[in-house]
Amino acid sequence: MSTTHFTMHERLLPASPNWYSSRCSDTNDKGILAFGAKNTIYLVDVTASSSTVVGELVGHRERVSGFSFCQHAGQSHNCASTSDDGTVKFWDTNEKVLVKEHKTHQNTITALHWSPGEKNLVVSGDEKGIVVCYQYNTGESQSFFPEPRNIFCLSCSPHIWHYVAVGYKDGMIVLIDISKKGEVVHRLRGHDDEIHALAWAPLPNEEVLYKTTNGMTEGKEKGCYLASGSKDQTIRIWSTLKGKGVMTMKLPFLKRRGTGVDPAVKERLWLTVHWPKGKPTQVVSSCFGGELILWDLTKGGKQKWSLLGASSEGQNHSRIVFNMSSVCVQDNRELLLSTSMDREIKCWDLSSLDCCWTLPTLGGFVYTLTFSPVGTGCLALGVGDGMIRVWSTLSIQNKYDTKTFWQGIKSKVTALSWHPTKEGSLAFGTDDGKVGIYDAFSNKPPQVSSTYHRKTVYTLAWGPPVPPLSFGGAGDHLSYSLYSCAGEGLILQHDPWKLAGEATDIDRVIKDTNSIKHKLSPHTDLSWKPDGKVVAIGNEDGSIEVYQAPTLKLLCTIQQHHKIINVLRWHHDHSSLPELQYLLASGSSNALVYVHDLRTVIETPPESPVVMTEAYRSLAGHTAKITGLAWSPHHDGRLVTVCYDGTAQVWDVQKEEGLCNYRGHRGRLLCVQWSPVDPDLVWTGADDFTVQEWAVSKQEFTKPPKTKKTLDQKAKLKAKKKKKATGKGGAKVEESLSLIGEGNKGGASPAPGERPSDNEEEEEGSETTSISSVTGSTAVFVSIRLHPLQPLLRSVFPPEVSLKKRKPRSMLPLSTSMDHRPREDLQQDCLNLATVRHSEAHCVPGLGDHIQLGLFADRDALYRMFQEEEEGHVEAGHYESAVYLRLWKGDIAGALQVATEKGELSDHLLSVAPMAGYQVWLKTVDVYVKQLCLQEQFLKAASHLLSINKVYEAIDLLKSHQLYREAIALAKARLQPDDPVLKELYTTWAAVLEKDGHLSTAAKCYLAMDSSFDAAKVIAKKNDPVSLKTAASLAKIAGESDLSYSLSLRCAKDLASSQDWLGAQQLLSTHESLLVSCPELADLLILLSLDLTLGAVSWLLGDWGAALEKLLQGVARGNEAGHFLLMSETCRLLFPQGIDSISEHKKMVDPSDEKALAAARSLEAFLCYQDLYHLWWSLSTNTAGAQRDMTNGLHSASENHINGLDGHVTDTPNGDGMGWCVSAQNGDVKMGVRVNACQVLLSEPHATCQATQRAIAEIQQRLASMVHQHSQTQETKDSPGEGQAERPTSAQGSTPTDSQESTDAGQGYIRHPHTFLTELFPDVICCLVLLYLSKSSTLVPDHLKNEAVALIRKYGTTSLRKASQRFLS
């Protein structure tokens, strides 16, 4: 049945959303949040202020693994879900019905999404890599297999309907086009671990983020961004237009906030991402400890994120978050809904980033409910997820105001009890026998009793102390003791003030007071009368004993039930009819509720105990064991009962009639409480992981559903005979209940809906599956009670189990069944056997109708019986039993043959195979290996191949199934180091890794096979500076100098383009050929000091010309050495007024002294030279584009200036003491003056001289190479060897050309005046700087620009022309 009566309850705490699913919750535009919990889908109506559970979708048989709404207008009530049962189901949330389903997948489904771009397209993926596209309107489906990997998540593009992004377990993301048969559009590599979530940007373009990620705007190109979250702790933004990542964000490590975290529980990271529709530049992600982070993709720097819920403590989740979805509500507010491992659903306002509300959920069976007698409306819940919830049910602001306690529990909470008078004192018991007391108003850990029960604690009760605690001492008399009853049948009394002390067993007091010598029946429940005068104790044998406090004198024994007592409850003592306070209600496993009137016994205690065999009232109607009772505190004689039949029944006890029946749960009910403030409200908890509040007056039914069980009970009541209760041994086998609710003879009615199993969700998300049948084998009692909670809990003490283990299948079922015939037939068998043994047999023992006699005749008869039994086992499919029968006969080869034919070989059979011979063993191993391969146990198969020395076959087996790591480990362990198989494994694995983007591991493979060149090339494929630097270092270590040189140059260019000058210099310094070596600074300063000293001496002697020459020589030293900063500082100190200072010195020089005048001109040129660079850099700080262009031009023009540029950039242009901070009013005038002064740099004679010097230097280098080559040729002639005749004589062939070039250069050199030959002058590269300045500023006159272009064309080097190509053209 797929519908649900969602109007039955007032409030409901649902089951916890399932864990470790990429999309198990979703929202639609109607404000409905749906999430999968176990095998059910819950629907929650969401607003900015509250949430209401409005329905359920029931139909899956196993855990729900995915859910998605249709997001198209008018279709948002349609949704799809996937489950571990292999189905994809489609629902109508308006009607709460199943519409259709498909079972195309053959493997576990792991991902689901209803396409937001195509209203009829639903895409799902499974763990084997199959992607199924299903058309909702036609029912047609297509399957694609883009990658043989485990799919973790997928997401359909909202902008290009046929694009689907698929995330895999190994970190790969694939973008496929389903309109082209699943063709792969892009493989997005970068993550190293599981892809947990994929989210598309809400806008269909990449313009906004391009401005941030690439530093440029590409508005003409359209695409869509994709966000991904991975277990590798990173969030990546991908460009689907370019097929590469554009942004990577590392999760920040945040201080854990909030409470409710058990430090002993280890949880793995789950990184989910969500791209809100109203925030195209912001992405929400989860973090390590449950925090939610809003990332601003347009913000620069490290702090790109904001923390949700940072305004106050306790807003965040306390455990990892699995799913997020958003919905727009009134006032255009966008709400974010998140589900977490802390079992809470939170709603966030994305505008304020604050938590709007929290919906608690439950992760286990609800074993117990109890209202505080002091704190009105304070409801405590004991749940199987190891936590106690205290719910303030009367809270007005938050109707789901709960507080969670987990410290010191670490087990299922099975019993709770509030202190009668002390507010906030809550006692708890667990399934591992622990008893403790919590203070609900503090955050302190609980006090835990030092005395543990050996079994599950079922009942806790506060009552007056009994001996020895009732004796007390002076001033320490207790008003209340804490009593606990557990599965081993004991009731212990604890001192709440001294829990560290030993608890006492009240059986000792009972035996001493009542002079009992025999062993008491195991106790199963207790209930103190509200006035504390008497206590009722229920026993395993179905009896109820009433004792008088404090001596525990036995007043009476009630022999009414014949099965274990599950629950006892006294009527409240504030009734308008005083006699009702003596009513005791009891429920057991026989589905009947009895009410006894104990007024006479209590008011007039008898001298000896009396036995009661008749009930005051009998309430029949339930069809399974009774698990809970509660008297209404607002009525007289009104009782509510809950049962394994899945219903709660309200009774008028006086009239013995039902008033209403609640059927809202989808499981077995375990506990019930009547509201202490509203006479119409009842609370129930069940094994469907829910707590429900419902109104008595709103229920449709008045009695439990009628079944054959109900009719049998009524007949039993009418014809009931008095009989003795069963002894301590427990109930009869045929009367006992199975652990899933089967009643006594006649069977039981199943609870409505599908029943979840009793395996509960624990810390690592082992969520439950469900079973669809309530029939099962009958439980057998040994000597211990079966409490209603016992089937739901796993005992932690295996030596004393309460139920017998299931009897194993018989090896001889045919002969065994023949021994269960009527007595006459069995006696005839005796006669036949006697005839066989003592005379001629007229029957053949072990065959046909006499098969059972084979066990009692000779061996041949036994073998005949074995043969028939074996045939029966094979026919029934019990091949293991047939194999064992052959082994028992000693037919090992036959046993192996049967197992081989049926694919039932095992390790045990393989171990006995050598007994049949060596060849049989070899053959068996081969067959077993094939069987293991079919079962995908490849590692085990390879290990068995090793046992028969098939090493190469084992390696090939692992390799063929892509287990390269294991194959290499095996090959290295068993083969020689130079075996070609090992190299082939490395090569194959490296190729696969390289294809998948795992470049570092691929490089390790290449290194392992001594292919360093390939290793460096693979690492360099990443093409980022870090990878290039690593690859260059690797190549240098391996001796691949050429490759190292090339990679270092590439890396240096990338570093320089990102303005990391220091990094580029450090990298280039590792290669002498890439970086111009400079003299040590100390040596330069010594020479500079010498020049300046000589200049000063000449100045003092009045030799102005010599002084200018020495000053020029000192200034030029810094330029020649590449230390631009040194030259700049020298000029600043020597000529503080700039060119004006040189003009003053120039006046003192003799006009006829050409050398002195030339020195003055050179000094002016050097001052203009360094002024020009300062001007360039000051402009570049304001124009990023100009800076990048000029930097590139400078790198291309001259490598000699890299050091100078680097040295200057580290000292900012405005901080060099030159006063280059230009004001807005006068800056342009001053800059224009300096630019015009650069006319002195554009000296054609000096440019001609520098070009000639470069030509001569080049010719000299070429001649030196020729001489070196000629000397090598002469040496070769003296020692003949191979290839001597073919050696080219390049020296001879190049001599005429070189001679001509040398002559031309020499003549040009002679034509230049001697002054220019010796004069120091800046390089012509300053022309290029002027040209770049002209592009970014209007300060450069056209005539200067034209002169600079002319000089570069005529005298510039090849690299200089290339850098200025845009100006020359």
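Being a predicted model, the structure only gives us computed values, none of them experimental.
- Looking at residues two or more places apart in sequence or on another chain, you find a side chain to side chain donor-acceptor pair (under 3.5 Å) between S21 and R63.
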Can R666 and E56 be said to form a salt bridge (Lys or Arg N to Asp or Glu O under 4.0 Å), step by step?
CA-CA 10 Å; R666 297 201 168 272; E56 305 167 15; 3.4 Å; yes
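- The main-chain N or O of V273 is never found under 3.5 Å from a side-chain atom of H196 such that the two would form a donor-acceptor pair.
- Using a 4.5 Å heavy-atom cutoff, the side chains of C378 and V390 are in contact.
- For H60 against D85, the heavy-atom pair with the smallest separation is ND1-OD2, 3.3 Å.
- Judged by distance alone, the side chain of E291 and the main-chain N or O of G289 form a donor-acceptor pair under 3.5 Å.
- The CD atom of Q71 sits 7.0 Å away from atom CG of N28, with the distance rounded to the nearest 0.5 Å.
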Are T272 and F322 close enough, and set up right, to give a side chain to side chain contact (heavy atoms under 4.5 Å, CB included), and what steps lead you there?
CA-CA 6 Å; T272 184; F322 292 111; over 6 Å; no
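- A donor-acceptor pair is defined here as one N or O able to donate and one able to accept, closer than 3.5 Å; no such pair exists between the side chain of Q282 and the backbone of W295.
- A donor-acceptor distance shorter than 3.5 angstrom exists from the side chain of T430 to the backbone of K434, with no hydrogens or angles considered.
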Starting from the C-alpha separation in whole Å, work towards a yes-or-no answer on side chain to side chain donor-acceptor pair (under 3.5 Å) for S81 and W91.
CA-CA 8 Å; S81 63; W91 312 84; 2.8 Å; yes
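- Contacts of W418 classified as ring-ring contact (aromatic ring centres under 6.0 Å, His included), with partners at least two apart in sequence or in another chain: none.
- For D342 (side chain) and I320 (main-chain N/O), no donor-acceptor pair under 3.5 Å exists by modelled atom type.
- Between M387 and V383 the shortest side-chain heavy-atom distance does not fall below 4.5 Å.
- Judged by distance alone, with hydrogens and angles left aside, the side-chain atoms of Q699 form a donor-acceptor pair with the main-chain N or O of A695 at under 3.5 Å.
- With sequence neighbours left out, the salt bridge (Lys or Arg N to Asp or Glu O under 4.0 Å) criterion links D354 to no other residue.
- A 6.0 Å sphere centred on NZ of K279 holds more than 12 heavy atoms belonging to other residues, nucleotides or ligands.
- Applying the side chain to side chain contact (heavy atoms under 4.5 Å, CB included) criterion to D439, with sequence neighbours excluded, gives F441, S442.
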Decide ring pair (Phe, Tyr, Trp, His ring centres under 6.0 Å) for F67 and F35; before the verdict, give the C-alpha distance in whole Å, the side-chain angles of both, and the deciding distance to 0.1 Å.
CA-CA 7 Å; F67 182 87; F35 62 89; 9.4 Å; no
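- For the atom pair T339 OG1 and L359 CG, the distance stands at 11.5 Å (nearest 0.5 Å).
- A donor-acceptor pair under 3.5 Å is absent between the side-chain atoms of W348 and the main chain of L337, judged by distance alone.
- Legend: residues meeting side chain to side chain contact (heavy atoms under 4.5 Å, CB included) with T47, ordered by chain and number and at least two apart, are S49, S50.
- For the side chain to side chain contact (heavy atoms under 4.5 Å, CB included) test, residues two or more places apart in sequence or in another chain that qualify with K399 are R11, T52.
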Set out, in order, the CA-CA distance, both residues' side-chain angles and the distance that settles side chain to side chain donor-acceptor pair (under 3.5 Å) for T456 and T414, then state yes or no.
CA-CA 8 Å; T456 301; T414 55; 6.0 Å; no
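- Between L336 and H274, the closest side-chain pair of non-hydrogen atoms falls below 4.5 Å.
- We find the CG-OG1 distance between L112 and T82 to be 5.0 Å, quoted to the nearest 0.5 Å.
- The OG1 atom of T370 lies 7.5 Å from the CG atom of L426; values are rounded to the nearest 0.5 Å.
- Here the shortest heavy-atom pairing between S16 and A37 reads O-CB, 3.1 Å.
- Listed by chain and residue number, nothing satisfies the ring-ring contact (aromatic ring centres under 6.0 Å, His included) test with H113 (two or more places apart in sequence, or in another chain).
- Contacts classified as ring pair (Phe, Tyr, Trp, His ring centres under 6.0 Å) and involving residues 376-399 (residues at least two apart or in different chains) are given here: W391-Y400, W391-W683.
- For the pair V682/V696, a side-chain contact is recorded, criterion being any heavy-atom separation below 4.5 Å from C-beta on.
- Side-chain contact check for T627 versus V567: every heavy-atom pair is 4.5 Å or farther apart.
- H419 pairs by the ring-ring contact (aromatic ring centres under 6.0 Å, His included) definition with W462, Y480, not counting sequence neighbours.
- The shortest distance between side-chain heavy atoms of F405 and Q407 does not fall below 4.5 Å.
- Looking at residues two or more places apart in sequence or on another chain, you find a salt bridge (Lys or Arg N to Asp or Glu O under 4.0 Å) between R389 and D385.
- Contact check for E194 versus Y20: no side-chain heavy atoms found under the 4.5 Å cut-off.
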Should T361 and E344 be marked as a side chain to side chain contact (heavy atoms under 4.5 Å, CB included) after you check the CA-CA gap, both sets of side-chain angles, and the distance that decides it?
CA-CA 6 Å; T361 63; E344 289 183 339; 5.9 Å; no
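- Side-chain atoms of T27 come within 3.5 Å of backbone atoms of S326 as a donor-acceptor pair (strictly under, hydrogens ignored).
- Classified by interplanar angle (parallel below 30°, tilted 30° to 60°, perpendicular above 60°), the ring pair F689/F365 is perpendicular.
- Residues L308 and N316 approach most closely at O-OD1, 3.1 Å, considering heavy atoms.
- Heavy atoms only, all atoms of each residue included: V46 and W357 are closest at CG1-CZ2, 3.6 Å.
- Looking only at distances, no side-chain donor or acceptor of T690 sits under 3.5 Å from a matching main-chain atom of Q692.
- Considering every non-hydrogen atom in both C660 and Q649, the closest pair reads O-NE2, 3.1 Å.
- With sequence neighbours excluded, the residues satisfying side chain to side chain contact (heavy atoms under 4.5 Å, CB included) with S392 are S395, D401.
- Taking F152 as the reference, nothing meets the ring-ring contact (aromatic ring centres under 6.0 Å, His included) condition, with sequence neighbours excluded.
- Cation-pi geometry between K412 and Y367 is not met at under 6.0 angstrom from the ring centre and within 45 degrees of the axis.
- For the pair I345 and V44, the minimum side-chain heavy-atom distance is 4.5 Å or more.
- Remark: K698 engages E10 in a salt bridge, criterion side-chain N to carboxylate O under 4.0 Å.
- Interatomic distance, L499 CG to L482 CG, rounded to the nearest 0.5 Å: 7.5 Å.
- For the residue pair S338 / K346, no side-chain donor-acceptor distance below 3.5 Å is found, with atom types taken as modelled.
- Among all heavy-atom pairs drawn from S484 and L460, the shortest one is CB-CD2, 3.5 Å.
- In this structure, a donor-acceptor pair under 3.5 Å is absent between the side chains of S286 and W270.
- Here the straight-line distance linking atom CG of N18 with atom OG1 of T40 works out to 9.0 Å at 0.5 Å rounding.
- Looking only at atom types and distance, the side chain of S83 has no donor-acceptor partner in the side chain of E62 under 3.5 Å away.
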